[in-house]
Number of protein chains: 2
Amino acid sequence: MQQHDTHTAIADMLISWNDGAARKSLVEFICKVTEKGSPDFVPPLERIAVFDNDGTLWVEQPMPVQAFFALDRLRALAPQHPEWRETEPFASALKGDLNSALAGGESAIVELVMATHAGMTTEEFEQIAADWIATARHSGTGRLYTEMVYQPMLELLTCLRANGFTIFIASAGGIEFMRPWTERVYGIPREQVIGSSIKTKYELRDGRPVLVRLPELTFIGDKAGKPVGIQQHIGRRPIAAFGNSDGDFEMLEWVTSGAGVRFGLLIHHDDAAREFAYDRVAISGKFDRGLDEAPGRGWTLVSMKRDWKRVFAFEND
Amino acid sequence: MQQHDTHTAIADMLISWNDGAARKSLVEFICKVTEKGSPDFVPPLERIAVFDNDGTLWVEQPMPVQAFFALDRLRALAPQHPEWRETEPFASALKGDLNSALAGGESAIVELVMATHAGMTTEEFEQIAADWIATARHSGTGRLYTEMVYQPMLELLTCLRANGFTIFIASAGGIEFMRPWTERVYGIPREQVIGSSIKTKYELRDGRPVLVRLPELTFIGDKAGKPVGIQQHIGRRPIAAFGNSDGDFEMLEWVTSGAGVRFGLLIHHDDAAREFAYDRVAISGKFDRGLDEAPGRGWTLVSMKRDWKRVFAFEND
């Protein structure tokens, strides 16, 4: 009877989830690791959960949000860089022709990121990112990006926290791009954000110490980089991992292969009506191997269409 | 009256501190940032304090503890490396002649660190470090290193936590060398440890994922590296910093130059009777610039001899 009550209480926190296999697996996992006397009980200090960001907590189509930030920033800086009008990848990017801009592959991406994300102090960059996120809107809905977060996942974050979990983001996105707003939007404080980063250098400017952002990547938090970043930041293997694309595969593999009860969940974006439908051939958020292997590995596969009562909080406005 | 009570309550937690200027400055700082209605009130999320480890929380003489770990490890591995008997810096290090071993400067240190800290998985290294720290003893006292921690500083950690602070270690020591025991010894969990690190690589061994430690330094958490590591891990400037050597100078400079009330403290090891006396010409824990500049920068200077009632918990045994 007591067990039944706990299950019900947890399920009740996940009100935007339909009553199906996905929610059931979440509820069972949380009960198993938190109920006193459970053979699978995990002490609070070890109740660490990691979440991907793009496509797992907020929208990543038609492009990852940070790519729009980079483009806006490129346009803002263009007047100071007349040479960009005739140099790739800048010329194409400024014309809005991203396919041509990215024809140069990874080095083109790095060039665009460095031109827009480096060269200022950490405090200046924080202000730039905070100002942008305060007004930038999604092209499809006209909503602020910070409203384009998945309501069922916000409920899950709240539910996990209420059950003693500590939540980290493990994203391929820039760590300093996310930190200015993750606390307000997800309730995840800065020190619990893991992401890609560039080199910084300590120096004095007019006697005042600053950290200057240099154009050199030091860490890419994607794919096999996710377990590396998780170990570096947390130093302990999480017991639950949540993602949506093949960029999250190694993170789920690492987390769910630890000893004891483990939980892995991947979101399948199959809801063109309420959000987007994409998987095996997507450019952002390619989901191929995970889609095939999730069942065999015991990972929960969430169908956005089937498992989520609503996707965004504003749907019922 | 209420203020007086709070001051007394905080001072009472610092029972191994003598009633002098150092303890007074600590008590005043904690009161200022925690008392409701105080113009200097700081919300708990921003109450971040960073502590150096070697010489600030535990002993660093006659050498940093991790150097003894490296030497023990070198001896344990020597039978598998007959070539070390004729190659520097290994030959001298194995003979216990550290001066000759380190004649090669920084590259000699890196060679010794890599030979002893890389080449295994993160889990294997954790076990090696945990096993070593469980039995390794200080040459002077014969005590376990984990007993060679400063009792006044343990009280300070407890007092800060009781007042809503989150505590991070920011050390030049190896992050994975510290993590296996900081929780038990200091109450500081793994995810709140910042330190020097080497590259790791995710790979599958017999289908089981591991992180392999590679012989490549990725970060040195000393001097100007401390603010860099703090920003990378925490993403927010701490409001208080505690150290003991010039390796902590930039950390204190960074922390105390932020807006609002800030606190910096440096411990002067001037107690040859109860611990060690060293400062301007020390090899480990050189303390020169900090000793000169602390007063002018408003940093609290702790005299171990004058300010600490006892240094180690076992003194009164």
Side-chain angles (χ1 to χ4, degrees), chain A residues 44-46 48 121-123 126 166 168 175-176 178-180 182-183 187 189-195 197-204 207-214 218-219 223-238 249-259, chain B residues 44-46 48 121-123 126 166 168 175-176 178-180 182-183 187 189-195 197-204 207-214 218-219 223-238 249-259:
Chain A
L45 212 55
E46 291 167 29
I48 309 271
T121 70
T122 51
E123 286 177 341
E126 173 170 343
T166 303
F168 285 79
I175 187 168
E176 301 293 13
M178 295 181 277
R179 280 172 160 165
T182 54
E183 201 160 293
R190 293 153 183 257
E191 57 267 37
Q192 286 157 225
V193 176
I194 307 168
S197 58
I198 64 177
K199 195 168 178 172
T200 64
K201 186 176 177 294
Y202 185 78
E203 63 178 53
L204 295 179
R208 203 183 133 258
V210 293
L211 288 167
V212 183
R213 291 168 59 83
L214 305 179
T218 52
F219 177 67
K223 301 191 174 76
K226 291 209 180 197
V228 169
I230 287 167
Q231 176 64 21
Q232 176 66 12
H233 270 259
I234 311 179
R236 154 164 33 222
R237 206 189 298 216
F249 192 91
E250 286 85 354
M251 173 171 79
L252 265 78
E253 183 176 57
W254 172 245
V255 165
T256 60
S257 61
Chain B
L45 212 54
E46 291 166 28
I48 309 272
T121 70
T122 51
E123 286 176 342
E126 173 170 343
T166 303
F168 284 79
I175 187 167
E176 301 293 12
M178 295 181 278
R179 280 173 162 165
T182 55
E183 202 161 294
R190 291 154 182 256
E191 56 267 37
Q192 286 156 225
V193 176
I194 308 169
S197 58
I198 64 177
K199 194 168 177 171
T200 63
K201 186 176 177 291
Y202 185 79
E203 62 178 54
L204 295 179
R208 201 182 134 258
V210 293
L211 288 166
V212 182
R213 291 168 59 82
L214 305 179
T218 52
F219 177 67
K223 300 191 173 79
K226 291 211 181 198
V228 169
I230 287 167
Q231 176 64 23
Q232 176 66 12
H233 270 258
I234 311 178
R236 148 160 45 218
R237 206 189 299 217
F249 192 91
E250 286 86 354
M251 174 171 79
L252 263 79
E253 182 177 59
W254 171 247
V255 165
T256 60
S257 61

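Just so it is clear: chains get the letters A, B, ... in the order the sequence lines come, proteins before strands, and each one is counted from 1.
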Participant: Which bit of A/V210 is near chain B, if near means a heavy-atom gap under 4.5 Å: side chain, backbone, both or neither?
Facilitator: backbone

Participant: For residues B/H233 and A/R179, report the shortest heavy-atom separation together with the two atoms involved.
Facilitator: O-NH2, 3.3 Å

Participant: Name the region of A/I175, side chain, backbone, both or neither, that has any atom closer than 4.5 Å to a heavy atom of chain B.
Facilitator: side chain

Participant: Given a strict heavy-atom distance threshold of 4.5 Å, which part of A/I48 is in contact with chain B: side chain, backbone, both, or neither?
Facilitator: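 For A/I48, the contact with chain B is made by the side chain alone.
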
Participant: Please determine which of B/K223, B/K226, B/E253, B/E250 meets the side-chain hydrogen bond (donor to acceptor under 3.5 Å, both in side chains) test together with A/Y202.
Facilitator: B/E253

Participant: B/E183 versus chain A, heavy atoms under 4.5 Å apart: side chain, backbone, both or neither?
Facilitator: side chain

Participant: Taking A/R236 first and then B/E126, would you say they form a salt bridge - that is, a charged N and a carboxylate O separated by under 4.0 Å?
Facilitator: no

Participant: Between B/R190 (side chain only) and A/G235 (backbone N and O only), is there a donor and an acceptor less than 3.5 Å apart?
Facilitator: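 At least one qualifying donor-acceptor pair exists.
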
Participant: Taking A/P189, A/G225, A/P227, A/S257 one by one, which has the highest count of heavy-atom pairs under 4.5 Å against chain B?
Facilitator: A/P227

Participant: Applying side chain to side chain contact (heavy atoms under 4.5 Å, CB included) between A/V228 and each of B/T218, B/L211, B/T122, report the one that passes.
Facilitator: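 Result for side chain to side chain contact (heavy atoms under 4.5 Å, CB included) with A/V228: B/L211.
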
Participant: Please look at A/F219 and chain B and tell me whether the side chain, the backbone, both or neither of the residue comes under 4.5 angstrom of a heavy atom of that chain.
Facilitator: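 Interface part for A/F219: neither.
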
Participant: Roughly how far, to the nearest 0.5 Å, is the OG atom of B/S197 from the CD atom of A/Q232?
Facilitator: 4.0 Å

Participant: For A/E123, which atoms come within 4.5 Å of any heavy atom of chain B: side chain, backbone, both, or neither?
Facilitator: side chain

Participant: Let me know if B/I194 has heavy atoms under 4.5 Å from chain A in its side chain, its backbone, both or neither.
Facilitator: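 Neither part.
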
Participant: Is a donor from one side chain sitting under 3.5 angstrom from an acceptor on the other, for A/E191 and B/Q192?
Facilitator: no

Participant: For A/T200, is it the side chain, the backbone, both or neither that has a heavy atom under 4.5 Å from a heavy atom of chain B?
Facilitator: both

